[in-house]
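Proteins get letters first, then strands, A, B, ... in listed order; numbering begins at 1 in each.
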There are 2 protein chains.
Amino acid sequence: MPDKTPSSTSTPISPAERIRATGARATPARIRVLELLSSAPVPLSHHDVELALGDATLDRVTLYRVLDWLVASGLAVKRADERRVWRFTLAGGGQHHSHVHFRCDACGRVYCLDAPAPIAPVMPEGFTLARLEFDLSGRCADCNRSAR
Amino acid sequence: MPDKTPSSTSTPISPAERIRATGARATPARIRVLELLSSAPVPLSHHDVELALGDATLDRVTLYRVLDWLVASGLAVKRADERRVWRFTLAGGGQHHSHVHFRCDACGRVYCLDAPAPIAPVMPEGFTLARLEFDLSGRCADCNRSAR
DNA sequence: ACTTCAAATGCAACAATGTTGCAATTAGAT
DNA sequence: ATCTAATTGCAACATTGTTGCATTTGAAGT
Ligand SMILES: [Mn+2]
Ligand SMILES: [Mn+2]
Ligand SMILES: [Zn+2]
Ligand SMILES: [Zn+2]
């Protein structure tokens, strides 16, 4: 049964459409950046996006504004990585969360452990839990070895 | 029974002594900053220290170097706060670790839950676990209420 | 198609935070 | 008191982020 939804085609919503759906203008800058976030396998920093845009470069300030607008409009999510760099991901896809990470205090590398995420504690009344992250730190094998 | 430790007085080790114990020079800059960290009830940022130094101001770069040296020498610990500002604490006091935090995505406030810290997973061979942190995020009661 | 105008952009200027190179100073050993 | 490597101060630079304002443009209406 293909496409029975009233007043919509079966085509997945395009970046431009998702932008217009918020009531704002679908500009090339927003479309291009949203496309990048959509296809990126990992969260992108401001700098990553700058590089990925290549010759079709946006003004630096415009890019800051586009990224923040995407977040404000609910289309993207902004998170600081372990090096305190802001990274942006497409909103909605809850699948990448609940990781268990180990950060080496010596070399800074981050390891993604495949331990099961711990069970969420009971939240205080009225709180909504969206994401849960378990971060461990210490020294990695490499650094322990080279330290003697 | 006061003070029976061999070759030491009962006086707590002074900042200058702790610095010399590392083999480095006890300079006014290092002593002053270490004193500040010792008496601070909360982790201090570079800027906090600048302000606290008042008229006895150090050069900005020297302060960066002193703080980083304190960390490298093991006398202090450097951690990013939830606003991505580096904050420094006296090392050793292990009591503040293994907290469970909740950060509200809407208002940014951080709540310190009193849930028990989860059990550490088995570490890969050669890894040393130093600290473990369980971070939850979502919306707090205040923000959920005002959102409707 | 043409007009209209708030929304979005580009650009210049600024601010905050952190880094590097190097000459001058100084802690602490002899 | 002298000596010297460790530390400091300063100038210059880099990166990341913000603000004000003149110009351009998406898209709604004609
Ligand atoms: Mn860049
Ligand atoms: Mn400052
Ligand atoms: Zn390591
Ligand atoms: Zn809140």
Side-chain angles (χ1 to χ4, degrees), chain A residues 13-36 43-88 108, chain B residues 14-36 43-76 78-88 108:
Chain A
I13 315 149
S14 75
E17 285 171 312
R18 266 179 292 166
I19 291 167
R20 285 198 203 91
T22 70
R25 291 188 187 169
T27 66
R30 286 175 179 167
I31 294 169
R32 195 82 189 74
V33 174
L34 188 54
E35 280 171 350
L36 280 172
L44 300 182
S45 66
H46 177 278
H47 188 64
D48 291 340
V49 174
E50 258 183 341
L51 294 182
L53 286 173
D55 46 335
T57 282
L58 294 180
D59 181 76
R60 221 165 51 81
V61 177
T62 301
L63 179 52
Y64 277 115
R65 296 200 267 228
V66 164
L67 287 169
D68 285 342
W69 178 84
L70 286 170
V71 171
S73 71
L75 293 171
V77 170
K78 179 185 192 175
R79 295 209 52 197
D81 71 9
E82 59 289 342
R83 278 179 206 159
R84 304 174 348 166
V85 174
W86 288 123
R87 298 201 164 265
F88 300 83
Chain B
S14 74
E17 285 172 313
R18 266 180 292 167
I19 292 167
R20 285 198 203 93
T22 70
R25 291 187 187 172
T27 66
R30 286 174 178 169
I31 295 170
R32 194 82 189 75
V33 173
L34 188 54
E35 281 171 348
L36 280 172
L44 301 182
S45 66
H46 178 278
H47 188 65
D48 290 340
V49 175
E50 258 184 342
L51 294 182
L53 286 173
D55 46 333
T57 283
L58 294 180
D59 181 77
R60 221 164 52 80
V61 177
T62 301
L63 179 52
Y64 277 115
R65 296 200 266 227
V66 164
L67 287 169
D68 285 342
W69 177 84
L70 286 170
V71 172
S73 71
L75 292 172
K78 179 186 192 174
R79 299 208 48 197
D81 71 10
E82 61 286 347
R83 278 178 208 158
R84 302 168 42 221
V85 174
W86 288 122
R87 299 200 166 266
F88 300 83

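If you measure from atom CG of Asp68(B) to atom P of dT7(D), you get 14 Å, rounded to the nearest angstrom. Atom-to-atom, CD1 of Ile31(B) to P of dT7(D) comes out at 12 Å; the value is rounded to the nearest Å. Between the CG atom of Asp48(A) and the C1' atom of dT15(D) there is a distance of 14 Å, given to the nearest Å.
The span of DNA chain C lying next to chain B, judged by atoms under 4.0 Å from heavy atoms, is bounded 5' to 3' by dT17(C) to dG28(C).
Looking at which nucleotide of DNA chain C each of Pro28(A) and Trp86(B) is closest to, the 5′-most match is held by Pro28(A). Summary of the strand contacts: Ala29(B) and Arg84(A) both lie near DNA chain D, and taking for each the nucleotide with the nearest heavy atom, the more 5' one is attributed to Ala29(B).
Here the CD-CZ distance, from Glu35(B) to Arg18(B), works out to 9.0 Å after rounding to the nearest 0.5 Å. In this structure, CG in Leu44(B) is found 7.0 Å from CG in Leu36(B), a value given to the nearest 0.5 Å.
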Between side-chain atoms of residues 47-57 of chain A and protein atoms elsewhere (two or more places apart, or another chain), which donor-acceptor pairs fall under 3.5 Å?
| unit_1 | atom_1 | unit_2 | atom_2 | d |
| --- | --- | --- | --- | --- |
| Asp48(A) | OD1 | Ser45(A) | OG | 3.3 |
| Asp48(A) | OD2 | Ser45(A) | N | 2.9 |
| Asp48(A) | OD2 | Ser45(A) | OG | 3.2 |
| Asp48(A) | OD2 | Arg87(A) | NH1 | 2.8 |
| Thr57(A) | OG1 | Gly54(A) | O | 2.7 |

In residues 61-75 of chain B, what donor-acceptor pairs under 3.5 Å come from side-chain atoms, sequence neighbours left out?
| unit_1 | atom_1 | unit_2 | atom_2 | d |
| --- | --- | --- | --- | --- |
| Asp68(B) | OD1 | Lys78(B) | NZ | 3.3 |
| Ser73(B) | OG | Trp69(B) | O | 3.1 |
| Ser73(B) | OG | Leu70(B) | O | 3.0 |

Please produce a list of atom pairs where a protein N or O lies less than 3.5 Å from an N or O of nucleotides 27-30 of chain D.
| unit_1 | atom_1 | unit_2 | atom_2 | d |
| --- | --- | --- | --- | --- |
| dA27(D) | OP1 | Arg20(A) | NE | 3.1 |
| dA27(D) | OP1 | Ala26(A) | N | 2.8 |

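Annotation for Arg83(B): atom CZ does not count as buried by contact number, only 12 or fewer foreign heavy atoms lying within 6.0 Å.
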Let me check I have this right: for DNA chain C, each base becomes ., (, ), [, ] or |, based on Watson-Crick or G-U pairs with both distances under 3.5 Å. What is the full string? ||||||||||||||||||||||||||||||
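The side chain of Trp69(B) contributes no N or O atom lying less than 4.0 Å from OP1 or OP2 of dA6(D).
Contact check of residues 57-67 of chain B against DNA chain D (heavy atom, cut-off under 4.0 Å) returns Asp59(B), Val61(B), Thr62(B), Arg65(B), Val66(B).
Between Arg30(B) and Arg25(B) the shortest heavy-atom distance is NH1-O, 3.0 Å.
Using modelled atom types, no side-chain atom of Arg20(A) and backbone atom of Ala26(A) make a donor-acceptor pair closer than 3.5 Å.
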